[in-house]
Trainee: 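Okay, handing you the structure first.
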Protein chains: 4
Amino acid sequence: MVTATSARGRIDKRQAILAAAFTVFARHGYDQAGVQEIAAEAGVAKPTVYNHLADKANLFRHAVLAAAEEVMAENLAIAERLREPGGDLRATLEDVAYRMARVCAGERARALRSLAHGQASRFPDLIDLVRERTSDRLSEALADRLARLSLAGRLRRCDPALAAEQFLALLTGPLEARSRSGTRTLSTADTRTVADAAVDTFLRAYRPD
Amino acid sequence: MVTATSARGRIDKRQAILAAAFTVFARHGYDQAGVQEIAAEAGVAKPTVYNHLADKANLFRHAVLAAAEEVMAENLAIAERLREPGGDLRATLEDVAYRMARVCAGERARALRSLAHGQASRFPDLIDLVRERTSDRLSEALADRLARLSLAGRLRRCDPALAAEQFLALLTGPLEARSRSGTRTLSTADTRTVADAAVDTFLRAYRPD
Amino acid sequence: MVTATSARGRIDKRQAILAAAFTVFARHGYDQAGVQEIAAEAGVAKPTVYNHLADKANLFRHAVLAAAEEVMAENLAIAERLREPGGDLRATLEDVAYRMARVCAGERARALRSLAHGQASRFPDLIDLVRERTSDRLSEALADRLARLSLAGRLRRCDPALAAEQFLALLTGPLEARSRSGTRTLSTADTRTVADAAVDTFLRAYRPD
Amino acid sequence: MVTATSARGRIDKRQAILAAAFTVFARHGYDQAGVQEIAAEAGVAKPTVYNHLADKANLFRHAVLAAAEEVMAENLAIAERLREPGGDLRATLEDVAYRMARVCAGERARALRSLAHGQASRFPDLIDLVRERTSDRLSEALADRLARLSLAGRLRRCDPALAAEQFLALLTGPLEARSRSGTRTLSTADTRTVADAAVDTFLRAYRPD
DNA sequence: TATGAATGAGCCTTCATTCAT
DNA sequence: TATGAATGAAGGCTCATTCAT
């Protein structure tokens, strides 16, 4: 299967380049990252990078969007866990909150936001595309779950979109503060504490009347 | 008083340079901002910038920190308002929340975070210095006020630091989402809506038992 | 006759490449012409070009020399016309001059000189090879004819080589000026005018005493 | 006179750059000439070249045009010599022809034509600007002189523009051929021979009836 | 002190050329 | 044999930074 192999090889190489690009961009930022270094990280020669991705700008775009897709997939998988809340709602929410915290405060998600925000002037559209994938989609999925819970009487009646937004805010806000904006890596215990506190406050505010 | 005048003139020039630097850095980001453009914006020649501030890096540091100080001053003034809560606690909190929203989502604060985060690899300490001034200090001041309110029985007993953190999270989280990460400028009404929702949820969770 | 066919196909492909190369070189000059574009113009892939012609330099050489051969053939055919001058020498010379003008000011001959002159430093020999084929050979053939005419008493006694040289100079010099160095394409009428003037002056200078 | 000195220094540097540029372009052609080498030849650093002349293209333009101006000045000075023909017209013409030959076949004039022709596709206007200065202007000045000679009865009645054109053609055409397109440098004697032959033929064709 | 001019270093990009299929 | 993909080398251009005035 000659064609398959070489087509596959080509795809692999492209993805290796994108992965390397994301790594290097995350490490140094857009301007400081050299295409040279990206090529080295991907194990290819510089022109190969250009053969696959035209431009440094294009390379950035695709690397960032590819990473964003991955994060989105993780996020959506987590929100699914609320579909079967089980008897102990608090415990389930705490678990979900913890997992979301792991993803949202994780290195990839953080780098993603950092890169997109930092290059807002050069890539004005990217910031939105990234936020959509890292936050909005998650918020929407969460809103769906909360709406069901509200309907089932396990939460008070409310605007589910707002509730989801606030749930995530209660989670990620303190996360950001506690991790000192990503400077410190949070321990599992700390993350749990933050998640539990978020859930506690959320349940107090949204418990059925 | 020739000396005083020229010392004064010197100081003015330095501040003009710092202000210009912040403007330009905010406009283009660290790497993309040229010392040339900064000098032009400040109305001086390039070497003058170097005479006053040695380095591009140094220039960045000072420009960012100066802006951070300004933001901090604004933030602290606002928190003071909670010292005399008055009879209608909800109304007072809503007012405070709205004002904080204005500052935290304002252009300077946003640029500050954006620049600091974007250059985290080059200036690892800056991110903390900025967060301290834009968020932490505000959070601390707020915690002080909330502690008093709790003691006065107008809020339930709680960890005031956590309460402050969550209050700010409920405010700035949705703010970020609604402004599409600063892409859209929020109207006064939208800002108020966000502030009121934050206060509502906060009060539900922290009302006296 | 498989072998014959494929040998023929091979030759055809080689000539297609050479033709394409000349076209592209003429269009953009040596350095600016990309092997890529030449391959595309020839309808083959880049490595095929290298399979047939080793080098870009080699490609250039062969393309230029092939074109030069074609031009030479045309030129010699024209000079033959002077072998039977007929009764009206002036008319015959005018006809010959006109045809030579057409060729020498034609696109191929012009591109040929332009390319060879422009790459004199890189291909020091080419300029001579080309001039030989586009001018010298013509001049020699012409000298032969003029010698006969002189001997026959229809021109004064003279050095036929010099006479030929001057005949061509009187023709191509004004041609170059009038066409603004090839910038403007000369109309048939203009070309005729130039040819006639050249012949007139030539005959005045070389008429029998 | 501080200002004068530094302004003068700046001008000197600019002209040094232009001269170096012309030298290097003449040596290697446009594409093959590196800005690096030009800077080195001028004794400055690469960015200095860009400070003075923006672009490689711009540098080329100015270098070529500056050289063209110089050539034009030389040419016009020579034509002036025909203003006072003296008793021996042939001798005067021979002298003028010889001097013109020296200039037109000189290195600068040759490089000028070569560069302009070679880069016709990239700088379509340059070829005309150069021809104007190296040939047309000379032709016009010469026509003026020939008109006077014709009027004075020392040449037959004729179109002076055509006569000038043909005079130059008779001179430069053979010059080109004998120097093998600039490959060989002509000796003084050879140049004289060519000039004398041109004048002889010219006088035969244009002698008063 | 403030400035116009000069510099050294570095990066993106392209292209002729060669493998591997 | 013909090709898609990969590479090594090189060049234009920019920019932070420093002299000299």
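First the proteins, then the strands, lettered A, B, ... as listed; each starts at 1. Both backbone and side-chain heavy atoms feed into the values below; hydrogens, waters and symmetry mates do not.
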Trainee: Which whole-number value in Å describes the distance from D:K56 NZ to E:dT14 P?
Mentor: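 Rounded to the whole Å, the gap is 16 Å.
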
Trainee: Rounded to the Å, how far apart are A:F60 CZ and E:dC11 P?
Mentor: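 Answer to the nearest Å: 18 Å.
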
Trainee: Just the rounded figure in Å: distance from C1' of F:dG11 to CG of D:L59.
Mentor: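 The distance from CG of D:L59 to C1' of F:dG11 comes to 14 Å, rounded to the nearest Å.
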
Trainee: Where do A:V130 and A:L112 come nearest, in terms of heavy atoms and distance?
Mentor: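 Taking A:V130 first and A:L112 second, the nearest heavy atoms are CG1-CG, 3.9 Å.
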
Trainee: Output the rounded distance in Å from CG (B:L53) to P (E:dA2).
Mentor: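 Value for this atom pair: 12 Å.
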
Trainee: Nearest whole Å is fine: how far is F:dT3 C1' from C:K46 NZ?
Mentor: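 Whole-Å distance recorded here is 11 Å.
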
Trainee: Here's a test of your reading of the structure: between D:Y50 and A:N51, which maps to the more 5' nucleotide of DNA chain F?
Mentor: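 Looking at the nearest nucleotide for each, A:N51 comes out on the 5' side.
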
Trainee: Only pairs with both distances under 3.5 Å count, Watson-Crick or wobble alike; so what is the partner of E:dC15 in this structure?
Mentor: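 Paired with E:dC15, as far as the under-3.5 Å criterion goes, is F:dG8.
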
Trainee: Under the 3.5 angstrom rule, does the side chain of A:R61 hit a backbone N or O of A:A57 as a donor-acceptor pair?
Mentor: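 No, A:R61 side chain to A:A57 backbone: no donor-acceptor pair under 3.5 Å.
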
Trainee: In terms of side-chain geometry, is the basic nitrogen of D:R122 or C:D31 positioned less than 4.0 Å from the acidic oxygen of its partner?
Mentor: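 So D:R122 does not pair with C:D31 through a salt bridge.
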
Trainee: Can a donor-acceptor pair be found, under 3.5 Å and without considering hydrogens, that links the side chain of D:S114 to the backbone of D:R110?
Mentor: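 No, because the side chain of D:S114 does not come within donor-acceptor range (under 3.5 Å) of the backbone of D:R110.
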
Trainee: Taking for each residue the nucleotide of DNA chain F with the nearest heavy atom, is it C:P47 or D:A54 whose nucleotide lies nearer the 5' end?
Mentor: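 Closer to the 5' end of DNA chain F: C:P47.
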
Trainee: To the nearest Å, how far apart are B:K13 NZ and E:dT3 C1'?
Mentor: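 Value for this atom pair: 11 Å.
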
Trainee: I want to check a possible cation-pi pair here: B:K56 against B:Y30, using under 6.0 Å from ring centre and within 45° of the ring axis as the test.
Mentor: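 Yes, a cation-pi geometry.
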
Trainee: So do the side chains of A:H62 and A:N58 get within less than 4.5 Å of each other, counting heavy atoms only?
Mentor: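 Result yes, sub-4.5 Å side-chain heavy-atom pair found.
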
Trainee: Please compare A:D55 and B:H52 by the position of their nearest nucleotide in DNA chain E and report the one closer to 5'.
Mentor: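 Final value for this comparison: B:H52.
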
Trainee: For DNA chain F, which residues of residues 15-45 of chain A approach it to below 4.0 angstrom with any heavy atom?
Mentor: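 Within residues 15-45 of chain A, the residues near DNA chain F are A:V44, A:A45.
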
